[in-house]
Amino acid sequence: MTESHDSHCPYCALQCAMTLTPTDASSGTPPIDIAAPAGARRLPLTVAGRDFPTNRGGLCKKGWTSAELLDVDDRVTSPLVRQPDGSFAPASWETVLDRIADTVRDSRDRFGADSVGVFGGGGLTNEKAYQLGKFARIALGTSRIDYNGRFCMSSAAAAGNRAFGLDRGLPFPVEDLDGASTILMLGSNVAATMPPFIGHLQGARGDRGLIVVDPRRSETAKLTDEGQGVHLAPAPGTDLIVLLGLTHIVITEGLADLDYLAARTTGFDAVRRSANAWWPERVQQVTGVPVAQLREVSRRLADGRGTYILTGRGVEQHVDGTDTATAAINLALVLGLVGKPGSGYGTLTGQGNGQGGREHGQKSDQLPGYRMITDPAARAHVAGVWGVDPSIIPGPGVPAVALLDELGRPGGIRCLFVHGSNVVVSAPDVDAVRAGLRALDLLVVSDFVLSETARLADIVLPVTQWAEEEGTMTSLEGRVIRRRRAIEAPGEARSELWIMRELAERLGAPGTWSTEPAEVFDELARASAGGKADYSGLSHALLDTGIAAHWPFPPGSEGTPRMFGERFAHPDGLARMVAVSPRVREPLGQHGGELTLVTGRLLEHYQSGAQTRRVPELLGARPHVTAQLHPSTAARLGIAEGDAIEVANVRGLVRARAEVTTGIRLDTVFLPFHFAGEQCANLLTERAVDPISSMPEFKRTLVTVTRADATQEVPA
Ligand SMILES: Nc1nc2c(c(=O)[nH]1)N[C@H]1C(S)=C(S)[C@@H](COP(=O)(O)OP(=O)(O)OC[C@H]3O[C@@H](n4cnc5c(=O)[nH]c(N)nc54)[C@H](O)[C@@H]3O)O[C@H]1N2
Ligand SMILES: Nc1nc2c(c(=O)[nH]1)N[C@H]1C(S)=C(S)[C@@H](COP(=O)(O)OP(=O)(O)OC[C@H]3O[C@@H](n4cnc5c(=O)[nH]c(N)nc54)[C@H](O)[C@@H]3O)O[C@H]1N2
Ligand code: SF4
Ligand SMILES: [Mo]
């Protein structure tokens, strides 16, 4: 019998539980390869859904087909070095590690340590994310580290920190939603992005109803057809005004929980004044959401039978994303929902380790345990764990978009390490990013596939992936879970802990550099002790007993599944209500175009598509980019279903096929961002960022849509 291993899905933050069984040739275990004819290809393991609170045994299409990732055609199995003719040739680890260390040393000597940069990812295990932050600060000596979570969770995190003094995406277990009577979901399409999550919406769907706010009739918005559901479809980017309008109605109709506000919050007066200006008729005029719907939704939220407010990227990935998330938090506080059993506010974290990835030091301004790098006490504590003098830890660096902007510029970054992101597809304004990467002296990409970013590298380092490695992830509910090795990695693939150790040694770095995930976890736990995200009572051994470990988890604790029951994390224990109001936006018209482009996700593809475009069943279902257009808009532009079209603005041009649907507003066009080359939605997005979180404006830009010349080449 081949041994089975309990682990979790390689993709999103729901971290659905799986059992992985190696298809050992002698065991007779049948191979699964859904796309290929039976027996055509034998995958290294089989995947089965496992019972767990978040997924209850269910998996989505991506989870079911995840074993395909282990055996993709262009799996990188040895270090690759770019040749003068542009091709890659395999090389030995010794050669490439020596060359990297030499180039980094030279760059530091000539241009200073900040000429070396690191770009991390929210898919890395806690151990790797922690080690990457330490590697940047004390092996490379650079302040220039940030990661793709800046594109993902930064606005909600900033709003949570500001309001509650702490950011844990869901401050309650996912199962708590089962008992809800009303759930307001703003800018989240869980039906496509976390399908098993829908199981937790049953109560709200069957009872008072699910309320979905999305300019599109997304798969999740369609769920509101049942029972008492409501779909609000405001103009993209106007959610802050919708939320101020709902807050206005709650206050003027006497539905606010004044006792709660007095006992648990500060700042209500200013919030009340800011909401005053947004009476329902004015909100309708700006957002397009009818007054009657606004009133109906306000009353339902206040019915006191168990209400949750949840936000997703649709409201967060804007230049005012932090303020919009703050407005959602203010509404939840006005209703007295936060920290009370059976109600609450949360943001739905996206990447597999999107939660842990933002706690252990990959962020430009942060040290492990969710500590600030500018705080002298934090620096002293972490320096103690690292065995270095606090003065050698650099100060804050710059956030992702600014970091990418420094690539190849005079006085900027000349060598870049990328771990777990495919920036030439997923960052805003990708043409500019590509130019920056090309201008580097050295680009080192660690990946297990030749992603579009890896293809631009000078050196590609082959790394282990989910089913080949041990570690921990922290799911969207702040629960620390174990990832387990089920099979050996192919060829010369190595763990990133090993790569960092080898480079740290070559660079003469201080401190110790373990390659054992359990040891690195113990060090991470010590570094986090006393911080906001405190893991100090946890270890791999304790997690292996199967406990439900929601942080903070200091020694002797049983974890913290529910937060804020008694107090918030600010020193006075009160939640801060921050008055927010819509800023005057620069007229988007200046950037050319007549339709608003909204970007987002499809069920079948994950992020930049680097992984899922390599899985035959997923690519087969969604082989190329399609742009959603309303039938009236399509007719006006002379476009029919399936036509080749061009979506363009001053930054670039995307070639797509038209998908004509009544599920989108007349003024809006939708593109998923999972495709590369001339199908890449981020050719069109801009580098404008939220001033508080540095989140780019991914969700809203202006474009022109035209039918492509029939003779032009378009995606098949
Ligand atoms: N299949 C799949 N699942 C994934 C991922 C994936 O790439 N593919 N990625 C994972 C990650 S990292 C993340 S962050 C999550 C993201 O999960 P979601 O937040 O659910 O994903 P998105 O599709 O980006 O955005 C959600 C919705 O926001 C809407 N939207 C756009 N603009 C606006 C607006 O101005 N206002 C409002 N109210 N809504 C708007 C879009 O129409 C879309 O339906 O998904 C995770 N799960
Ligand atoms: N227009 C638009 N753009 C967006 C968004 C949007 O909604 N609209 N959403 C944004 C969001 S929320 C996110 S999270 C980003 C995500 O976008 P990316 O940061 O590009 O994320 P992935 O596509 O997951 O890229 C991960 C890469 O790392 C590799 N990888 C996976 N695991 C590991 C590992 O453990 N180690 C190493 N070294 N490599 C690994 C994968 O093979 C893949 O090549 O995109 C953002 N971009
Ligand atoms: S919902 Fe997320 S974690 Fe669950 S199987 Fe799908 S991709 Fe994996
Ligand atoms: Mo994300």
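Whatever order the structure lists them in is the order used to number ligands and atoms, beginning at 1.
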Check: Looking at atom 1 (S) of ligand 3, what's its closest protein heavy atom, distance included?
Finding: P196 CD, 3.5 Å
Checklist line | Worked verdict on D405 versus R687 for salt bridge (Lys or Arg N to Asp or Glu O under 4.0 Å) | finding: CA-CA 9 Å; D405 214 36; R687 277 176 287 169; 2.6 Å; yes
Checklist line | Those atoms of ligand 3 less than 4.0 Å from some heavy atom in Y11 | finding: 7 (S)
Check: What do we get for S66 next to ligand 3 when only non-hydrogen atoms under 4.0 Å count, side chain, backbone, both or neither?
Finding: neither
Check: Which of the numbered atoms in ligand 3 are below 4.0 angstrom from a heavy atom of G63?
Finding: 5 (S)
Check: So among E488, R494, E470, E469, which one has a side-chain hydrogen bond (donor to acceptor under 3.5 Å, both in side chains) with T464?
Finding: E469
Margin query: If I take every N, O or S atom of C60, is at least one of them less than 2.8 Å from atom 6 (Fe) of ligand 3?
Written below: yes
Check: Only one of V315, T238, D690, V319 clears side-chain contact (heavy atoms from CB on, under 4.5 Å) with T324; which?
Finding: V315
Margin query: Below a 4.0 angstrom heavy-atom separation, can you tell me which part of S451, side chain or backbone, both or neither, approaches ligand 2?
Written below: side chain
Check: Touching ligand 2 at all, K128? Heavy atoms, strictly under 4.0 Å?
Finding: yes
Note to self: Quick check on atom 4 (Fe) of ligand 3: does C9 put an N/O/S atom closer than 2.8 Å to it?
What the structure shows: no
Item checked: Per-atom contacts, ligand 2 versus A610 - under 4.0 Å to a heavy atom -> 43 (C), 44 (O)
Notebook entry, point to check: In ligand 2, which numbered atoms sit nearer than 4.0 Å to a non-hydrogen atom of V449?
Noted result: 42 (O)
